[in-house]
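One structure is given here, and the rest of the page talks about it.
Proteins get letters first, then strands, A, B, ... in listed order; numbering begins at 1 in each. What's counted below: heavy atoms across the whole structure, side chains too, no hydrogens, waters or symmetry copies. These figures come from a predicted structure and were not determined experimentally.
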Number of protein chains: 2
Amino acid sequence: MSVRISGETVPVTIGAMESSSTTPGGSSRREATRQKLYEAAVTLIAEQGFSATTVDEIAERAGVAKGTVYYNFASKSVLFEELLRHGVGLLTASLREAAERTAREGGTRVDALDAMIRAGLVFIDRYPAFTQLYVAELWRTNRAWQSTLMVVRQEAVAVVEGVLREGIEGGEFSDEIDVPLTAAALVGMVLVAALDWQSFQPERSLDDVHSALSRLLQGRVSGRP
Amino acid sequence: MSVRISGETVPVTIGAMESSSTTPGGSSRREATRQKLYEAAVTLIAEQGFSATTVDEIAERAGVAKGTVYYNFASKSVLFEELLRHGVGLLTASLREAAERTAREGGTRVDALDAMIRAGLVFIDRYPAFTQLYVAELWRTNRAWQSTLMVVRQEAVAVVEGVLREGIEGGEFSDEIDVPLTAAALVGMVLVAALDWQSFQPERSLDDVHSALSRLLQGRVSGRP
DNA sequence: GTTTTTGCACTGACCAGTCAGTTCAATTTG
DNA sequence: CAAATTGAACTGACTGGTCAGTGCAAAAAC
(Lines give C-alpha, C1' and ligand atoms only; values in the text may rest on other atoms or scores of the structure.)
Protein backbone atom coordinates (compact mmCIF):
# COMPACT_ATOMS: atom_id res chain seq x y z
CA MET A 1 0.00 0.00 0.00
CA SER A 2 1.14 3.51 -0.72
CA VAL A 3 -0.14 7.05 -0.96
CA ARG A 4 0.71 9.95 -3.24
CA ILE A 5 1.82 13.04 -1.42
CA SER A 6 3.12 16.04 -3.34
CA GLY A 7 4.24 13.98 -6.28
CA GLU A 8 6.10 11.40 -4.27
CA THR A 9 4.76 7.93 -3.67
CA VAL A 10 5.17 7.28 0.01
CA PRO A 11 4.76 3.77 1.35
CA VAL A 12 2.40 3.49 4.26
CA THR A 13 3.15 0.88 6.89
CA ILE A 14 -0.21 -0.27 8.05
CA GLY A 15 -0.84 -3.03 10.54
CA ALA A 16 2.30 -5.09 10.89
CA MET A 17 4.79 -2.40 11.91
CA GLU A 18 6.98 -5.19 13.20
CA SER A 19 9.94 -3.41 14.70
CA SER A 20 9.44 -0.04 12.97
CA SER A 21 12.19 2.26 11.95
CA THR A 22 13.20 3.43 15.38
CA THR A 23 14.44 -0.06 16.24
CA PRO A 24 13.86 -0.06 19.97
CA GLY A 25 14.51 -3.53 21.26
CA GLY A 26 14.47 -6.23 18.63
CA SER A 27 16.45 -9.39 18.83
CA SER A 28 20.12 -8.83 19.34
CA ARG A 29 20.94 -10.88 16.27
CA ARG A 30 18.94 -8.57 14.12
CA GLU A 31 20.44 -5.57 15.81
CA ALA A 32 23.94 -6.87 15.12
CA THR A 33 23.12 -7.27 11.43
CA ARG A 34 21.75 -3.76 11.29
CA GLN A 35 24.88 -2.44 12.93
CA LYS A 36 27.06 -4.19 10.37
CA LEU A 37 24.95 -2.68 7.60
CA TYR A 38 25.23 0.81 9.09
CA GLU A 39 28.97 0.52 9.26
CA ALA A 40 29.27 -0.73 5.73
CA ALA A 41 26.90 1.90 4.38
CA VAL A 42 28.43 4.85 6.18
CA THR A 43 31.90 4.48 4.72
CA LEU A 44 30.71 3.62 1.24
CA ILE A 45 28.28 6.52 1.08
CA ALA A 46 30.83 8.92 2.54
CA GLU A 47 33.26 7.95 -0.17
CA GLN A 48 30.96 7.77 -3.14
CA GLY A 49 27.71 9.46 -2.26
CA PHE A 50 24.30 7.90 -1.81
CA SER A 51 23.33 7.34 -5.42
CA ALA A 52 26.68 6.01 -6.48
CA THR A 53 26.63 3.39 -3.74
CA THR A 54 24.81 0.19 -4.63
CA VAL A 55 22.91 -2.08 -2.31
CA ASP A 56 25.03 -4.97 -3.53
CA GLU A 57 28.17 -3.18 -2.40
CA ILE A 58 26.73 -2.47 1.02
CA ALA A 59 25.67 -6.07 1.47
CA GLU A 60 29.02 -7.36 0.32
CA ARG A 61 31.02 -5.13 2.65
CA ALA A 62 28.76 -6.04 5.55
CA GLY A 63 29.31 -9.69 4.70
CA VAL A 64 25.63 -10.32 4.29
CA ALA A 65 23.29 -11.39 1.52
CA LYS A 66 21.39 -8.76 -0.43
CA GLY A 67 18.11 -10.22 0.69
CA THR A 68 19.11 -9.54 4.29
CA VAL A 69 19.34 -5.85 3.58
CA TYR A 70 15.73 -5.89 2.47
CA TYR A 71 14.71 -8.09 5.32
CA ASN A 72 16.04 -5.45 7.73
CA PHE A 73 15.24 -2.23 5.91
CA ALA A 74 12.33 -1.33 3.69
CA SER A 75 14.58 0.29 1.08
CA LYS A 76 17.96 1.81 0.45
CA SER A 77 16.64 5.27 1.40
CA VAL A 78 15.22 4.01 4.65
CA LEU A 79 18.51 2.41 5.56
CA PHE A 80 20.21 5.71 4.94
CA GLU A 81 17.66 7.72 6.84
CA GLU A 82 17.97 5.54 9.90
CA LEU A 83 21.70 5.76 9.65
CA LEU A 84 21.43 9.55 9.78
CA ARG A 85 19.17 9.47 12.79
CA HIS A 86 21.44 7.03 14.55
CA GLY A 87 24.59 9.08 13.96
CA VAL A 88 23.22 12.49 14.86
CA GLY A 89 21.72 10.94 17.98
CA LEU A 90 25.20 9.98 19.10
CA LEU A 91 26.53 13.47 18.39
CA THR A 92 23.71 15.24 20.21
CA ALA A 93 24.13 13.03 23.26
CA SER A 94 27.82 13.73 23.30
CA LEU A 95 27.38 17.51 23.08
CA ARG A 96 24.73 17.51 25.76
CA GLU A 97 26.90 15.42 28.03
CA ALA A 98 29.82 17.84 27.58
CA ALA A 99 27.68 20.86 28.44
CA GLU A 100 26.18 19.18 31.49
CA ARG A 101 29.46 17.92 32.80
CA THR A 102 30.94 21.41 32.60
CA ALA A 103 27.97 22.89 34.44
CA ARG A 104 28.18 20.21 37.11
CA GLU A 105 31.83 20.95 37.64
CA GLY A 106 31.13 24.63 38.07
CA GLY A 107 32.60 25.86 34.77
CA THR A 108 31.56 29.03 32.97
CA ARG A 109 29.55 29.05 29.74
CA VAL A 110 32.71 29.69 27.80
CA ASP A 111 34.08 26.55 29.39
CA ALA A 112 30.95 24.76 28.28
CA LEU A 113 31.37 25.92 24.69
CA ASP A 114 34.97 24.88 24.81
CA ALA A 115 34.04 21.45 26.14
CA MET A 116 31.49 21.12 23.34
CA ILE A 117 34.10 22.02 20.78
CA ARG A 118 36.23 19.23 22.13
CA ALA A 119 33.30 16.82 22.17
CA GLY A 120 32.62 17.72 18.55
CA LEU A 121 36.24 17.07 17.60
CA VAL A 122 36.27 13.75 19.41
CA PHE A 123 33.11 12.72 17.60
CA ILE A 124 34.46 13.69 14.20
CA ASP A 125 37.71 11.93 14.97
CA ARG A 126 35.81 8.78 15.80
CA TYR A 127 33.23 8.90 13.02
CA PRO A 128 34.84 10.82 10.18
CA ALA A 129 32.86 9.06 7.49
CA PHE A 130 29.57 9.85 9.12
CA THR A 131 30.48 13.50 9.49
CA GLN A 132 31.48 13.74 5.91
CA LEU A 133 28.28 12.20 4.68
CA TYR A 134 26.20 14.38 6.96
CA VAL A 135 27.80 17.57 5.69
CA ALA A 136 27.36 16.44 2.14
CA GLU A 137 23.63 15.95 2.58
CA LEU A 138 22.63 18.65 5.03
CA TRP A 139 21.99 21.56 2.72
CA ARG A 140 20.61 19.62 -0.20
CA THR A 141 17.07 20.30 -1.17
CA ASN A 142 14.58 18.01 -2.83
CA ARG A 143 15.72 14.80 -1.29
CA ALA A 144 13.58 12.19 0.35
CA TRP A 145 15.20 12.46 3.78
CA GLN A 146 15.21 16.27 3.83
CA SER A 147 12.82 16.53 6.75
CA THR A 148 14.65 13.93 8.79
CA LEU A 149 17.82 15.94 8.35
CA MET A 150 16.22 19.18 9.45
CA VAL A 151 14.81 17.70 12.60
CA VAL A 152 18.02 16.00 13.50
CA ARG A 153 20.15 19.07 12.73
CA GLN A 154 17.98 21.22 14.96
CA GLU A 155 18.47 18.83 17.86
CA ALA A 156 22.23 19.23 17.68
CA VAL A 157 22.31 22.98 17.06
CA ALA A 158 19.78 23.53 19.84
CA VAL A 159 22.29 22.29 22.40
CA VAL A 160 24.74 25.01 21.37
CA GLU A 161 21.99 27.61 21.24
CA GLY A 162 20.93 26.64 24.73
CA VAL A 163 24.36 27.31 26.18
CA LEU A 164 24.55 30.65 24.37
CA ARG A 165 21.17 31.71 25.76
CA GLU A 166 22.08 30.72 29.27
CA GLY A 167 25.28 32.71 28.92
CA ILE A 168 23.35 35.79 27.84
CA GLU A 169 20.88 35.47 30.69
CA GLY A 170 23.71 35.13 33.17
CA GLY A 171 25.45 38.19 31.76
CA GLU A 172 28.43 36.19 30.65
CA PHE A 173 27.80 36.85 26.94
CA SER A 174 26.86 40.12 25.28
CA ASP A 175 23.11 40.29 24.80
CA GLU A 176 23.72 41.59 21.31
CA ILE A 177 24.89 38.29 19.91
CA ASP A 178 22.63 36.60 17.42
CA VAL A 179 22.02 33.19 18.94
CA PRO A 180 21.05 31.08 15.90
CA LEU A 181 23.65 32.59 13.62
CA THR A 182 26.42 32.38 16.19
CA ALA A 183 25.54 28.79 16.96
CA ALA A 184 25.64 27.91 13.28
CA ALA A 185 28.97 29.69 12.89
CA LEU A 186 30.47 27.83 15.84
CA VAL A 187 29.29 24.50 14.53
CA GLY A 188 30.72 25.37 11.14
CA MET A 189 34.02 26.40 12.61
CA VAL A 190 34.43 23.04 14.31
CA LEU A 191 33.06 21.02 11.41
CA VAL A 192 35.22 22.50 8.70
CA ALA A 193 38.36 22.73 10.80
CA ALA A 194 37.96 19.10 11.79
CA LEU A 195 37.27 17.86 8.27
CA ASP A 196 40.24 19.78 6.99
CA TRP A 197 42.35 18.32 9.74
CA GLN A 198 41.27 14.79 8.80
CA SER A 199 41.69 15.28 5.09
CA PHE A 200 44.68 17.51 4.76
CA GLN A 201 46.80 17.32 7.90
CA PRO A 202 45.93 14.10 9.68
CA GLU A 203 49.26 14.12 11.50
CA ARG A 204 48.11 16.93 13.80
CA SER A 205 46.86 15.97 17.26
CA LEU A 206 43.35 16.58 18.47
CA ASP A 207 44.79 18.93 21.10
CA ASP A 208 46.39 21.08 18.42
CA VAL A 209 43.12 21.49 16.64
CA HIS A 210 41.29 22.09 19.87
CA SER A 211 43.61 24.83 21.02
CA ALA A 212 43.46 26.61 17.67
CA LEU A 213 39.69 26.67 17.88
CA SER A 214 39.68 27.70 21.56
CA ARG A 215 41.84 30.65 20.70
CA LEU A 216 39.44 31.69 17.96
CA LEU A 217 36.46 31.29 20.27
CA GLN A 218 38.02 33.46 22.91
CA GLY A 219 39.07 36.18 20.53
CA ARG A 220 42.73 35.69 21.17
CA VAL A 221 43.60 35.86 17.51
CA SER A 222 44.38 39.53 17.37
CA GLY A 223 46.53 40.83 20.20
CA ARG A 224 49.07 39.07 22.37
CA PRO A 225 48.53 35.62 23.94
CA MET B 1 46.06 33.20 -37.31
CA SER B 2 45.57 36.80 -36.29
CA VAL B 3 45.02 40.23 -37.80
CA ARG B 4 46.20 43.66 -36.82
CA ILE B 5 43.45 46.17 -36.31
CA SER B 6 44.22 49.61 -34.93
CA GLY B 7 47.36 48.46 -33.18
CA GLU B 8 45.81 45.45 -31.47
CA THR B 9 46.47 41.87 -32.42
CA VAL B 10 43.11 40.22 -32.61
CA PRO B 11 42.79 36.46 -32.90
CA VAL B 12 40.62 35.37 -35.76
CA THR B 13 38.53 32.29 -35.39
CA ILE B 14 39.25 30.47 -38.56
CA GLY B 15 38.31 26.95 -39.39
CA ALA B 16 39.07 24.28 -36.84
CA MET B 17 39.81 26.02 -33.55
CA GLU B 18 39.53 22.58 -31.99
CA SER B 19 38.72 24.60 -28.89
CA SER B 20 40.07 22.31 -26.16
CA SER B 21 38.39 22.00 -22.83
CA THR B 22 39.72 25.13 -21.21
CA THR B 23 37.59 27.27 -23.49
CA PRO B 24 39.65 30.40 -23.86
CA GLY B 25 38.01 32.16 -26.74
CA GLY B 26 35.84 29.87 -28.78
CA SER B 27 32.82 30.95 -30.73
CA SER B 28 30.38 32.97 -28.72
CA ARG B 29 27.60 30.59 -29.63
CA ARG B 30 29.48 27.71 -28.12
CA GLU B 31 30.40 29.73 -25.07
CA ALA B 32 26.77 30.67 -24.55
CA THR B 33 25.75 27.02 -24.72
CA ARG B 34 28.37 26.07 -22.19
CA GLN B 35 27.22 28.80 -19.87
CA LYS B 36 23.64 27.54 -20.10
CA LEU B 37 24.85 24.03 -19.32
CA TYR B 38 26.80 25.24 -16.30
CA GLU B 39 23.78 27.02 -14.95
CA ALA B 40 21.52 24.05 -15.48
CA ALA B 41 24.01 21.62 -13.99
CA VAL B 42 24.86 23.65 -10.92
CA THR B 43 21.34 23.85 -9.57
CA LEU B 44 20.43 20.28 -10.42
CA ILE B 45 23.57 18.84 -8.87
CA ALA B 46 23.23 21.03 -5.81
CA GLU B 47 19.71 19.75 -5.32
CA GLN B 48 20.21 16.10 -6.11
CA GLY B 49 23.89 15.34 -6.09
CA PHE B 50 26.12 14.40 -9.00
CA SER B 51 25.12 10.78 -9.47
CA ALA B 52 21.42 11.40 -9.08
CA THR B 53 21.44 14.07 -11.75
CA THR B 54 21.08 12.76 -15.28
CA VAL B 55 22.58 14.24 -18.39
CA ASP B 56 19.10 14.28 -19.89
CA GLU B 57 17.89 16.51 -17.09
CA ILE B 58 20.79 18.90 -17.52
CA ALA B 59 20.20 19.09 -21.24
CA GLU B 60 16.50 19.60 -20.81
CA ARG B 61 16.88 22.40 -18.27
CA ALA B 62 19.47 24.08 -20.46
CA GLY B 63 17.06 23.84 -23.38
CA VAL B 64 19.51 21.86 -25.45
CA ALA B 65 19.71 18.36 -26.90
CA LYS B 66 21.62 15.68 -25.08
CA GLY B 67 24.08 15.39 -27.90
CA THR B 68 25.04 19.00 -27.39
CA VAL B 69 26.23 18.25 -23.91
CA TYR B 70 28.61 15.69 -25.36
CA TYR B 71 29.59 17.98 -28.15
CA ASN B 72 30.72 20.53 -25.55
CA PHE B 73 32.07 18.32 -22.81
CA ALA B 74 33.86 15.01 -23.00
CA SER B 75 31.70 13.48 -20.27
CA LYS B 76 29.40 14.23 -17.40
CA SER B 77 32.36 14.25 -15.01
CA VAL B 78 34.31 16.65 -17.16
CA LEU B 79 31.37 19.03 -17.28
CA PHE B 80 31.24 18.92 -13.52
CA GLU B 81 34.95 19.36 -13.08
CA GLU B 82 35.04 22.42 -15.29
CA LEU B 83 32.08 23.79 -13.41
CA LEU B 84 34.02 23.44 -10.16
CA ARG B 85 37.04 25.17 -11.56
CA HIS B 86 34.93 27.96 -12.97
CA GLY B 87 33.11 28.58 -9.67
CA VAL B 88 36.06 28.46 -7.32
CA GLY B 89 37.91 30.76 -9.68
CA LEU B 90 35.22 33.37 -9.14
CA LEU B 91 35.39 32.95 -5.36
CA THR B 92 39.16 33.19 -5.19
CA ALA B 93 39.19 36.32 -7.31
CA SER B 94 36.58 37.88 -5.09
CA LEU B 95 38.46 37.10 -1.86
CA ARG B 96 41.70 38.37 -3.28
CA GLU B 97 40.07 41.55 -4.45
CA ALA B 98 38.60 42.17 -0.99
CA ALA B 99 41.97 41.71 0.70
CA GLU B 100 43.75 43.96 -1.77
CA ARG B 101 41.15 46.68 -1.59
CA THR B 102 41.40 46.78 2.19
CA ALA B 103 45.18 46.99 2.05
CA ARG B 104 45.00 49.77 -0.53
CA GLU B 105 42.64 51.75 1.65
CA GLY B 106 44.97 51.45 4.62
CA GLY B 107 42.90 48.99 6.66
CA THR B 108 44.30 46.60 9.24
CA ARG B 109 44.53 42.84 8.72
CA VAL B 110 41.48 42.39 10.86
CA ASP B 111 39.72 44.73 8.48
CA ALA B 112 40.96 42.57 5.64
CA LEU B 113 39.59 39.41 7.24
CA ASP B 114 36.33 41.18 7.84
CA ALA B 115 36.18 42.31 4.22
CA MET B 116 36.86 38.74 3.12
CA ILE B 117 34.08 37.46 5.31
CA ARG B 118 31.78 39.88 3.59
CA ALA B 119 33.06 38.90 0.16
CA GLY B 120 32.44 35.28 1.05
CA LEU B 121 28.90 36.04 2.12
CA VAL B 122 28.21 38.01 -1.03
CA PHE B 123 29.51 35.13 -3.12
CA ILE B 124 27.39 32.57 -1.33
CA ASP B 125 24.39 34.82 -1.56
CA ARG B 126 24.89 35.07 -5.29
CA TYR B 127 25.80 31.47 -6.00
CA PRO B 128 24.14 29.41 -3.27
CA ALA B 129 23.78 26.32 -5.40
CA PHE B 130 27.42 26.29 -6.30
CA THR B 131 28.46 26.65 -2.69
CA GLN B 132 26.22 23.84 -1.64
CA LEU B 133 27.58 21.51 -4.26
CA TYR B 134 31.15 22.44 -3.45
CA VAL B 135 30.72 21.69 0.24
CA ALA B 136 29.05 18.40 -0.56
CA GLU B 137 31.99 17.23 -2.66
CA LEU B 138 35.01 18.73 -0.95
CA TRP B 139 35.76 16.08 1.62
CA ARG B 140 34.77 13.06 -0.37
CA THR B 141 37.45 10.59 -1.17
CA ASN B 142 37.73 8.26 -4.14
CA ARG B 143 36.12 10.50 -6.67
CA ALA B 144 37.36 11.33 -10.12
CA TRP B 145 37.67 15.07 -9.54
CA GLN B 146 39.37 14.75 -6.14
CA SER B 147 42.62 16.31 -7.30
CA THR B 148 40.88 19.19 -9.03
CA LEU B 149 39.08 19.96 -5.81
CA MET B 150 42.21 19.93 -3.71
CA VAL B 151 44.04 22.32 -5.99
CA VAL B 152 41.14 24.65 -6.22
CA ARG B 153 40.46 24.57 -2.48
CA GLN B 154 44.05 25.42 -1.73
CA GLU B 155 43.87 28.47 -3.96
CA ALA B 156 40.99 29.87 -1.96
CA VAL B 157 42.27 28.97 1.50
CA ALA B 158 45.72 30.33 0.62
CA VAL B 159 44.27 33.82 0.33
CA VAL B 160 43.05 33.67 3.91
CA GLU B 161 46.29 32.12 5.10
CA GLY B 162 48.21 34.90 3.40
CA VAL B 163 46.40 37.60 5.32
CA LEU B 164 46.91 35.72 8.59
CA ARG B 165 50.62 35.41 7.96
CA GLU B 166 50.98 39.07 7.09
CA GLY B 167 49.13 39.90 10.29
CA ILE B 168 51.53 37.80 12.34
CA GLU B 169 54.57 39.34 10.70
CA GLY B 170 53.24 42.81 11.34
CA GLY B 171 52.57 41.97 14.99
CA GLU B 172 48.85 42.46 14.59
CA PHE B 173 48.05 38.79 15.29
CA SER B 174 49.49 36.57 17.98
CA ASP B 175 52.34 34.52 16.60
CA GLU B 176 50.92 31.51 18.37
CA ILE B 177 47.97 31.09 16.05
CA ASP B 178 48.02 28.07 13.83
CA VAL B 179 47.67 29.51 10.35
CA PRO B 180 46.25 26.59 8.36
CA LEU B 181 43.85 25.51 11.08
CA THR B 182 42.66 29.02 11.79
CA ALA B 183 42.15 29.70 8.10
CA ALA B 184 40.11 26.53 7.75
CA ALA B 185 38.07 27.41 10.81
CA LEU B 186 37.35 30.90 9.48
CA VAL B 187 36.30 29.55 6.11
CA GLY B 188 34.08 27.03 7.86
CA MET B 189 32.52 29.64 10.04
CA VAL B 190 31.49 31.70 7.04
CA LEU B 191 30.48 28.71 4.94
CA VAL B 192 28.24 27.06 7.48
CA ALA B 193 26.73 30.27 8.82
CA ALA B 194 25.90 31.34 5.29
CA LEU B 195 24.44 28.02 4.24
CA ASP B 196 22.33 27.93 7.35
CA TRP B 197 21.22 31.46 6.69
CA GLN B 198 20.16 30.51 3.15
CA SER B 199 18.46 27.31 4.15
CA PHE B 200 16.86 28.06 7.46
CA GLN B 201 16.43 31.80 7.89
CA PRO B 202 16.52 33.36 4.43
CA GLU B 203 14.66 36.42 5.67
CA ARG B 204 17.76 37.70 7.50
CA SER B 205 19.82 40.36 5.74
CA LEU B 206 23.41 39.90 4.65
CA ASP B 207 24.38 42.64 7.10
CA ASP B 208 22.87 40.71 9.99
CA VAL B 209 24.91 37.67 9.14
CA HIS B 210 28.01 39.73 8.55
CA SER B 211 27.82 41.48 11.88
CA ALA B 212 27.26 38.24 13.78
CA LEU B 213 30.39 36.81 12.17
CA SER B 214 32.40 39.99 12.73
CA ARG B 215 31.58 39.85 16.40
CA LEU B 216 32.77 36.26 16.58
CA LEU B 217 35.96 37.10 14.69
CA GLN B 218 36.76 39.94 17.04
CA GLY B 219 36.08 37.96 20.18
CA ARG B 220 33.24 40.17 21.24
CA VAL B 221 31.06 37.23 22.17
CA SER B 222 31.92 37.09 25.81
CA GLY B 223 31.95 40.40 27.64
CA ARG B 224 30.00 43.58 27.01
CA PRO B 225 29.71 45.23 23.57
C1' DG C 1 8.69 -24.05 15.47
C1' DT C 2 9.71 -19.38 14.62
C1' DT C 3 12.77 -15.89 13.20
C1' DT C 4 16.44 -14.67 10.48
C1' DT C 5 19.57 -15.32 6.88
C1' DT C 6 21.10 -17.14 2.43
C1' DG C 7 21.72 -17.53 -2.51
C1' DC C 8 20.42 -16.54 -6.78
C1' DA C 9 17.71 -15.86 -10.74
C1' DC C 10 14.84 -12.38 -12.61
C1' DT C 11 12.54 -7.94 -14.03
C1' DG C 12 11.71 -3.47 -15.40
C1' DA C 13 13.27 1.03 -15.20
C1' DC C 14 16.74 4.03 -16.04
C1' DC C 15 20.87 6.17 -17.93
C1' DA C 16 25.73 7.44 -19.92
C1' DG C 17 27.45 7.76 -24.04
C1' DT C 18 27.21 7.16 -29.41
C1' DC C 19 26.37 8.29 -34.05
C1' DA C 20 24.20 9.21 -38.46
C1' DG C 21 21.91 12.91 -39.86
C1' DT C 22 20.19 18.08 -39.79
C1' DT C 23 20.57 23.13 -39.27
C1' DC C 24 22.42 27.45 -40.27
C1' DA C 25 25.57 31.27 -40.54
C1' DA C 26 29.48 32.50 -42.83
C1' DT C 27 32.25 32.17 -46.85
C1' DT C 28 33.27 31.31 -51.63
C1' DT C 29 32.12 31.21 -56.31
C1' DG C 30 30.03 32.46 -60.73
C1' DC D 1 23.90 39.92 -56.13
C1' DA D 2 22.38 34.89 -55.56
C1' DA D 3 23.56 30.20 -55.60
C1' DA D 4 26.61 26.79 -53.87
C1' DT D 5 29.60 25.17 -50.42
C1' DT D 6 31.55 24.44 -46.01
C1' DG D 7 31.93 22.91 -41.36
C1' DA D 8 30.99 23.88 -36.62
C1' DA D 9 27.12 23.27 -33.78
C1' DC D 10 23.42 20.75 -32.70
C1' DT D 11 19.89 16.88 -32.62
C1' DG D 12 17.52 12.77 -30.67
C1' DA D 13 16.74 7.86 -31.34
C1' DC D 14 19.27 4.03 -30.07
C1' DT D 15 22.44 0.74 -27.46
C1' DG D 16 24.62 -1.75 -23.93
C1' DG D 17 24.92 -1.93 -19.40
C1' DT D 18 23.63 -1.19 -14.54
C1' DC D 19 20.92 -1.44 -10.51
C1' DA D 20 16.89 -1.32 -7.01
C1' DG D 21 13.93 -4.26 -5.63
C1' DT D 22 11.39 -9.11 -5.85
C1' DG D 23 10.42 -14.04 -5.05
C1' DC D 24 11.28 -18.10 -3.01
C1' DA D 25 13.00 -22.54 -1.35
C1' DA D 26 16.27 -24.18 1.65
C1' DA D 27 19.38 -23.70 5.53
C1' DA D 28 20.84 -21.85 9.91
C1' DA D 29 20.16 -19.84 14.28
C1' DC D 30 17.81 -19.35 18.41
Starting at [atom1] of [X] and ending at [atom2] of [N], how long is that distance when rounded to a whole Å?
| X | N | atom1 | atom2 | result |
| --- | --- | --- | --- | --- |
| B/Arg34 | D/dA8 | CZ | P | 15 Å |
| B/Ile58 | C/dG17 | CD1 | C1' | 13 Å |
| A/Gln48 | D/dC19 | CD | P | 10 Å |
| A/Lys66 | D/dT22 | NZ | P | 10 Å |
| B/Arg30 | C/dT23 | CZ | P | 21 Å |
| B/Asp56 | D/dG12 | CG | C1' | 10 Å |
| A/Leu37 | D/dA20 | CG | P | 14 Å |
| B/Lys36 | D/dT11 | NZ | C1' | 13 Å |

For the side chain of [X], counting heavy atoms from C-beta on, which of [options] is nearest?
| X | options | result |
| --- | --- | --- |
| B/Val55 | D/dT11, C/dA16, D/dA20 | C/dA16 |
| A/Thr68 | D/dT22, D/dT11, C/dT5 | C/dT5 |
| B/Thr33 | D/dC10, C/dT5, C/dA16 | D/dC10 |
| B/Thr54 | C/dC15, D/dG21, C/dT5 | C/dC15 |
| A/Arg29 | C/dA16, D/dA29, D/dT22 | D/dA29 |
| A/Lys76 | D/dA9, D/dG21, C/dA16 | D/dG21 |
| B/Tyr70 | C/dA16, C/dT5, D/dT22 | C/dA16 |
| A/Tyr71 | C/dT5, D/dG21, D/dA9 | C/dT5 |
| B/Ala65 | D/dA20, D/dG12, C/dT4 | D/dG12 |

For a 4.5 angstrom cut-off between non-hydrogen side-chain atoms, does B/Met150 reach A/Phe200? yes
Only one of A/Gln48, A/Lys76, A/Glu47 passes side chain to side chain donor-acceptor pair (under 3.5 Å) with A/Thr53, and that residue is A/Gln48
5'-most contact on DNA chain D (nearest-nucleotide basis), A/Gly67 vs A/Thr53, goes to A/Thr53
If you count the non-hydrogen atoms of other residues, nucleotides and ligands that lie under 6.0 Å from CD in B/Glu60, is the total more than 12? no
Would you confirm whether the ring centroid of B/Phe73 sits within less than 6.0 angstrom of the ring centroid of B/Tyr38? yes
Using a cut-off of less than 4.0 Å, is there contact between a side-chain N or O of B/Asn72 and OP1 or OP2 of D/dC10? yes
Within 45 degrees of the axis of the six-membered ring of B/Phe50 and under 6.0 Å from its centre: does B/Arg140 put its NZ or CZ there? no
Residue whose nearest DNA chain C nucleotide is more 5′ - A/Val64 or B/Ala74: A/Val64
